[in-house]
Amino acid sequence: MSAAMWKWTCLISHLLLSPMMSSLARQQPPHPKRPFATFPGEQAEGTFNHLVVDERTGHIYLGAVNRIYKLSSDLKVLVTHQTGPDEDNPKCYPPRIVQTCNEPLTLTNNINKMLLIDYKENRLIACGSLYQGICKLLRLEDLFKLGEPFHKKEHYLSGVNESGSVFGVIVSYSHMDDKLFIATAVDGKPEYFPTISSRKLTKNSEADGMFAYVFHDEFVASMIKIPSDTFTIIPDFDIYYIYGFSSGNFVYFLTLQPEMISPPGSTTKEQVYTSKLVRLCKEDAAFNSYVEVPIGCEKNGVEYRLLQAAHLSKAGAILARSLGASPDDDILFTVFSKGQKRKMKSLDESALCIFVLKKINDRIKERLQSCYRGEGTLDLAWLKVKDIPCGSALLTIDDNFCGLDMNAPLGVSEMVRGLPIFTEDGDRMTSVIAYVYKNHSLAFVGTKSGKMKKVGLVQRGFPVSAASCYGDWLHRDEWGAFYRPGAWLPIL
């Protein structure tokens with residue numbers, strides 16, 4: 001990408017605009033603040049964990065501690081479903097609802113860890129922290145419990161007692177049952193939980209095969225397990241899943257993973273965290289297509305490597321022209337914090353970066369081609385104890401190659417760098433969502449302090465005006481000046 005193609009400006013808040021711009025903004029009539037609808041919850045312990053919106057009805061489903069709520073589009077409670085608390089102990093495996101547990105039981109909150117809408121069967125999949133992560137299937141209309149499978153080990157999705165430890169992606173079919181790709185941290189228990197797996201979503205919510213592995217025999221299954229000897233090198237190793245989606249023939253997960261590296265000039269190793277994109281073929285029952293590639297971005301010599309949030313959107317016509325892409329190309333909007341060394345307490349410096357998904361896929365294809373020529377090793381941090389060399393095979397690897405029972409799972413060593421479009425030094429960005437409106441790509445980012453920023457790419461030679469550029473539905477902070485073409489600007 002040439003420098004001439006991109007002419008970016010820093011995204012700054014409305015209060016930090018230049019004096020000229022502030023003066024121009026003050027000339028506009030004040031825009032009255034519109035009240036926001038709010039829903040504070042109904043319980044003292046009612047921490048909110050996850051939210052999904054039914055794109056057909058506008059109804060909101062909210063996963064909280066011990067509750068699932070169905071809300072109207074203006075946040076009025078329509079239905080409430082209680083999920084906890086109940087007596088449990090995280091050491092009980094299988095859980096005490098299956099067999100007697102000798103561990104002491106205490107009244108335990110049920111933290112919502114995953115919330116998905118199964119549109120095909122008009123049901124909500126709500127997975128919690130009780131009983132090693134079992135799930136309920138609830139009717140969308142009234143949250144009536146359709147099923148709650150718990151009697152097989154496949155029904156225990158994750159023993160991690162954290163709301164952000166599980167991510168799911170549904171792959172739908174018109175002629176057969178859907179699949180559910182589940183990705184989860186394992187909390188040092190790889191013998192109990194695969195880190196990624198694909199499960200059956202049966203039409204009957206009470207069917208015996210609900211959440212069964214798509215394929216399973218004595219040697220191969222639709223799953224990836226972290227080898228137990230990995231924990232001898234990194235005792236607290238885990239893969240933390242931040243986001244997931246499907247596109248084309250693939251399912252993707254964005255992750256944070258610990259690695260041991262030697263800093264320049266040092267002979268000792270230290271633990272850092274690397275952000276990686278994981279890709280699998282939708283139809284790969286044996287998971288031979290597993291590939292992961294490190295991602296991050298850099299601006300003015302500062303590395304942003306700790307993934308905080310991500311969202312998949314389309315390019316739209318304006319952004320596509322700047323990127324040399326198609327308006328329908330998939331674009332990953334990502335938020336990274338500075339550095340690599342603090343996962344639990346990220347630095348406040350953060351960056352909003354974009355990736356063209358096709359370019360990541362091109363890099364993966366190059367890596368697959370080189371490995372199948374016998375070059376290098378599988379190069380996965382969690383397989384470093386083995387350092388398995390790539391094997392050579394004569395075959396054509398195209399964009400949709402789904403692997404063989406060799407050279408898998410595979411890692412890409414060279415990081416794919418995103419394009420930074422905004423950095424924030426004081427109020428760390430923690431969430432992002434994006435979409436296309438009238439050919440313009442818009443991003444919304446949330447910050448640690450609870451603020452929201454709205455940004456967009458200015459069309460080449462187009463006057464900056466929130467109303468004329470993006471429509472009257474946005475705040476009318478009309479600046480009335482011309483900016484460099486291709487700049488990302490605040491619309492606050």
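Between K153 and Q132, every side-chain heavy-atom pair lies at or beyond the 4.5 Å cut-off. Inter-residue side-chain proximity for R67 and N110 is flagged as unmet; no heavy-atom pair is nearer than 4.5 Å. I234 has its side chain out of reach of W382: every pair of non-hydrogen atoms, C-beta onward, lies at least 4.5 Å apart. At a threshold of 4.5 Å between non-hydrogen side-chain atoms, the residues F336 and I295 count as touching. Using a 4.5 Å heavy-atom threshold, the side chains of N112 and I68 count as touching. Looking only at side-chain heavy atoms (C-beta outward), P409 and V291 stay at 4.5 Å or farther from each other. Counting only heavy atoms from C-beta outward, the side chains of R279 and I364 approach each other to under 4.5 Å. Under the 4.5 Å side-chain criterion, counting only non-hydrogen atoms from C-beta, I360 is not in contact with D362.
The distance from atom NZ of K179 to atom OG of S246, rounded to the nearest 0.5 Å, is 11.5 Å. Atom-to-atom distance recorded for Y304:OH and R417:CZ is 12.5 Å, nearest 0.5 angstrom. How far OG of S337 is from CD of E303: 12.5 Å, rounded to the nearest 0.5 Å. In this structure, CG on L180 lies 6.5 Å from CG on L116, to the nearest 0.5 angstrom. With rounding to the nearest 0.5 Å, the separation of CG in L280 from SG in C402 is 9.5 Å. Atoms CD and OG1, on E292 and T274 in that order, are 9.5 Å from each other to the nearest 0.5 Å.
Side-chain atoms of K365 never come within 3.5 Å of backbone atoms of F401 as a donor-acceptor pair (strictly under, hydrogens ignored). Counting only distance, with no hydrogens or angles, the side chain of E298 and the backbone of G296 share no donor-acceptor pair below 3.5 Å. The backbone N or O of M210 lies less than 3.5 Å from a partner atom in the side chain of H155, making a donor-acceptor pair. Remark: side-chain polar atoms of E270 are not paired, donor with acceptor, to backbone N or O of I261 under 3.5 angstrom. Put simply, the side chain of D238 never gets that close to the backbone of Y240: no donor and acceptor are under 3.5 Å apart. In terms of modelled atom types and a separation under 3.5 Å, the side chain of S275 and the main chain of L307 share a donor-acceptor contact. Without hydrogens or angle criteria, D284 side chain to S289 main chain gives a donor-acceptor distance under 3.5 Å. A side-chain donor-acceptor contact under 3.5 Å links Q82 to the backbone of G84. In this structure, N109 contributes its side chain and I111 its backbone to no donor-acceptor pair below 3.5 Å. The main-chain N or O of F215 is found under 3.5 Å from a side-chain atom of S222 such that the two form a donor-acceptor pair.
Annotation for F333 and S313: closest pair CE1-CB, 4.0 Å, computed over non-hydrogen atoms. Looking at every heavy atom in both residues, N407 comes nearest to P389 through OD1-O, 4.4 Å. The two atoms that bring T184 and L157 nearest to each other are CG2-O, 3.5 Å, heavy atoms only. Closest heavy-atom contact between I170 and D118: CD1-CA, 4.0 Å. Of all heavy-atom pairs between I196 and A183, the closest is CG1-CB, 4.0 Å. Residues S165 and K113 approach most closely at OG-CD, 3.5 Å, considering heavy atoms.
Looking only at atom types and distance, the side chain of D405 has no donor-acceptor partner in the side chain of N288 under 3.5 Å away. For the residue pair T83 and N66, no side-chain donor N or O sits within less than 3.5 Å of a side-chain acceptor on the partner. R123 and S205 share a donor-acceptor pair across their side chains, judged by distance under 3.5 Å alone.
The aromatic rings of Y435 and F444 sit parallel, their planes meeting at an angle under 30°, below the 60° perpendicular limit. Between F253 and Y241, the ring planes lie perpendicular to each other; the angle is over 60°, past the 30° to 60° tilted range. Between F193 and Y93, the two ring planes are perpendicular [angle over 60°; tilted spans 30° to 60°]. The aromatic rings of Y213 and H216 lie parallel to each other, with less than 30° between the two planes, well short of the 60° mark. Taking the six-membered ring where the residue is Trp, Y243 and H311 present tilted rings, their angle falling between 30° and 60°.
Just one of T423, V335, T334 meets the side-chain contact (heavy atoms from CB on, under 4.5 Å) condition when paired with L352; it is V335. Checked options F167, F181, F245; the residue passing with Y252 is F245 (criterion: ring pair (Phe, Tyr, Trp, His ring centres under 6.0 Å)).
Taking a cutoff of 4.0 Å between a charged side-chain nitrogen and a carboxylate oxygen, K152 and D208 qualify as a salt bridge. The pair D177-K203 fails the salt-bridge criterion, with no side-chain N (NZ, NE, NH1 or NH2) lying under 4.0 Å from an Asp/Glu carboxylate O. Classification of E349 and K299 as a salt-bridged pair fails, no side-chain N sitting under 4.0 Å from a carboxylate O. By the 4.0 Å N-to-carboxylate-O rule, D348 lies close enough to K448 to be salt-bridged with it.
Ring centers of Y131 and Y156: at least 6.0 Å apart, outside the cut-off.
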>> One pair to check against side chain to side chain contact (heavy atoms under 4.5 Å, CB included): V356 and L323. What are the steps and the verdict?
In response: CA-CA 8 Å; V356 180; L323 289 169; 4.0 Å; yes
**Message:** salt bridge (Lys or Arg N to Asp or Glu O under 4.0 Å), that's the test. Do K314 and D330 meet it? Break it down for me.
**Reply:** CA-CA 5 Å; K314 295 296 183 181; D330 285 329; 2.8 Å; yes
**Request:** Applying side chain to side chain contact (heavy atoms under 4.5 Å, CB included), run through V455 and V445 and close with a yes or a no.
**Result:** CA-CA 8 Å; V455 299; V445 292; 5.6 Å; no
- Item | Worked check of side chain to side chain contact (heavy atoms under 4.5 Å, CB included) between K338 and V302 | CA-CA 7 Å; K338 178 182 174 182; V302 178; 3.9 Å; yes
Are T108 and D88 close enough, and set up right, to give a side chain to side chain donor-acceptor pair (under 3.5 Å), and what steps lead you there? CA-CA 6 Å; T108 305; D88 194 17; 5.4 Å; no
Check your understanding: T447 and K453: side chain to side chain contact (heavy atoms under 4.5 Å, CB included), yes or no, with the steps?
Key -> CA-CA 8 Å; T447 71; K453 299 177 185 289; 4.3 Å; yes
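Heavy atoms from other residues, nucleotides or ligands lying under 6.0 Å from CG of D398 number more than 12. For E414, the CD atom counts as loosely surrounded, since its 6.0 Å shell holds 12 or fewer non-hydrogen atoms of other residues, nucleotides or ligands. Enclosure of atom NZ in K282 by more than 12 non-hydrogen atoms of other residues, nucleotides or ligands within 6.0 angstrom is indicated. Counting non-hydrogen atoms of neighbouring residues, nucleotides and ligands closer than 6.0 angstrom, the CD atom of E206 reaches no more than 12 such neighbours. For NZ of K120, the number of neighbouring non-hydrogen atoms (other residues, nucleotides, ligands) closer than 6.0 Å is greater than 12.
Every residue two or more places apart in sequence or in another chain was checked for a side-chain hydrogen bond (donor to acceptor under 3.5 Å, both in side chains) with R367, and none qualifies.
For the pair R199 and F211, the cation-pi test (distance below 6.0 Å, angle within 45°) is failed.
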